[in-house]
Amino acid sequence: MNEAFSADEAVTRFGLYIGTTCGDSMEPMIRQGRDRVCIGRCSGRLRLYDVPLYRRPSGQLVLHRIVKVLPEEYVTCGDNRRKWERGVTDAMIIGILTGFYREGIFIDCRRSWKYRCYVFFWWRFYWLRLPFLLGRDWLHRRKRYRESGRSDFKPGLFF
């Protein structure tokens, strides 16, 4: 029997989901369409820098890192993003990233020292990446305005 399951169905039914991702929000750690992620069940409260898979109210599945743990919710952000997302609750969380396959090699998010070093440096030096992310977003916005033929482009970085 060859039956396909969505990520939330697989985690609920089997306790594990293995598949590729769609989107670049977790790059450079997880590369879109190339790396396979392993999502397992989670129990209890998650910790800082865990990577939950959750469903937004719109129905979209999101895999982002926890950057702040609050009493009733989590604040998350993708490794390749600059905006933090508030309001992620335990009820929205489907599972947690337990590891991923990169070029056939499994990287365990709980035991790998290389993964821990990546997380430590990537998030401890977020303030160094922020100007790059702001500039990149500004260039993307400028390109979209030019392609749309609009002439009312405002050069501000923060909107």
Can you measure from [atom1] ([X]) to [atom2] ([Y]) and round to the nearest 0.5 angstrom?
X	Y	atom1	atom2	result
Ile105	Lys114	CD1	NZ	8.0 Å
Trp123	Cys77	CH2	SG	4.0 Å
Ile94	Glu9	CD1	CD	10.0 Å
Met29	Ile107	CE	CD1	9.0 Å

Of the non-hydrogen atoms in [X] and [Y], which two are nearest, and what is the gap between them?
X	Y	result
Ile66	Pro52	CG1-CD, 3.8 Å
Cys42	Ile96	CB-CG2, 3.8 Å
Ala7	Tyr17	CA-CD1, 3.6 Å

Shared hydrophobic cluster for Phe106 and Val119 (ILVMFWY, side-chain gaps under 4.5 Å):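 The answer is no; the residues belong to distinct hydrophobic clusters.
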Hydrophobic cluster membership, Leu53 vs Tyr101, 4.5 Å side-chain cutoff: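 Hydrophobic grouping puts Leu53 apart from Tyr101.
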With sequence neighbours excluded, residues passing salt bridge (Lys or Arg N to Asp or Glu O under 4.0 Å) with [X]:
X	result
Arg55	Asp8
Glu85	Arg56
Glu73	Arg86

All pairs passing salt bridge (charged side-chain N to carboxylate O under 4.0 Å, His left out) where residues 45-54 contributes a residue, at least two apart: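 Listed by first then second residue: Arg45-Asp90.
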Listed once per pair and sorted, the salt bridge (charged side-chain N to carboxylate O under 4.0 Å, His left out) pairs that draw on residues 95-110, sequence neighbours left out: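 Those involving residues 95-110 are Arg31-Glu103, Asp35-Arg102, Asp108-Arg110, Asp108-Arg111.
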CA sep, side-chain torsions, deciding dist, call: Leu46, Val69, side chain to side chain contact (heavy atoms under 4.5 Å, CB included): CA-CA 8 Å; Leu46 301 181; Val69 178; over 6 Å; no
Is the shortest side-chain heavy-atom distance between [X] and [Y] below 4.5 Å?
X	Y	value
Thr76	Val67	no
Tyr74	Ile93	yes
Val51	Leu63	yes
Phe100	Thr21	no
Leu97	Ile30	yes

Other residues, nucleotides, ligands: >12 heavy atoms within 6.0 Å of Gln60 CD: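 More than 12 heavy atoms, drawn from other residues, nucleotides or ligands, come within 6.0 Å of this atom.
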With sequence neighbours excluded, residues passing side-chain hydrogen bond (donor to acceptor under 3.5 Å, both in side chains) with Tyr118: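 Once residues adjacent in sequence are excluded, the partners of Tyr118 under the side-chain hydrogen bond (donor to acceptor under 3.5 Å, both in side chains) criterion are Asp79.
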Qualifying residues under side-chain hydrogen bond (donor to acceptor under 3.5 Å, both in side chains), relative to Ser25, sequence neighbours excluded: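 Only His64 meet the side-chain hydrogen bond (donor to acceptor under 3.5 Å, both in side chains) criterion with Ser25.
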Side chain to side chain contact (heavy atoms under 4.5 Å, CB included) partners for Ile18, two or more places apart: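 For Ile18 the side chain to side chain contact (heavy atoms under 4.5 Å, CB included) partners, ignoring immediate neighbours, are Leu16, Arg36, Cys38.
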Sequence-distant partners of Tyr115, ring-ring contact (aromatic ring centres under 6.0 Å, His included), two or more places apart: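 Scan of Tyr115 (ring-ring contact (aromatic ring centres under 6.0 Å, His included), adjacent residues dropped) gives none.
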Other ILVMFWY residues reachable from Phe121 by side-chain steps of under 4.5 Å: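 Other cluster members: Phe120, Phe125, Trp127, Leu128.
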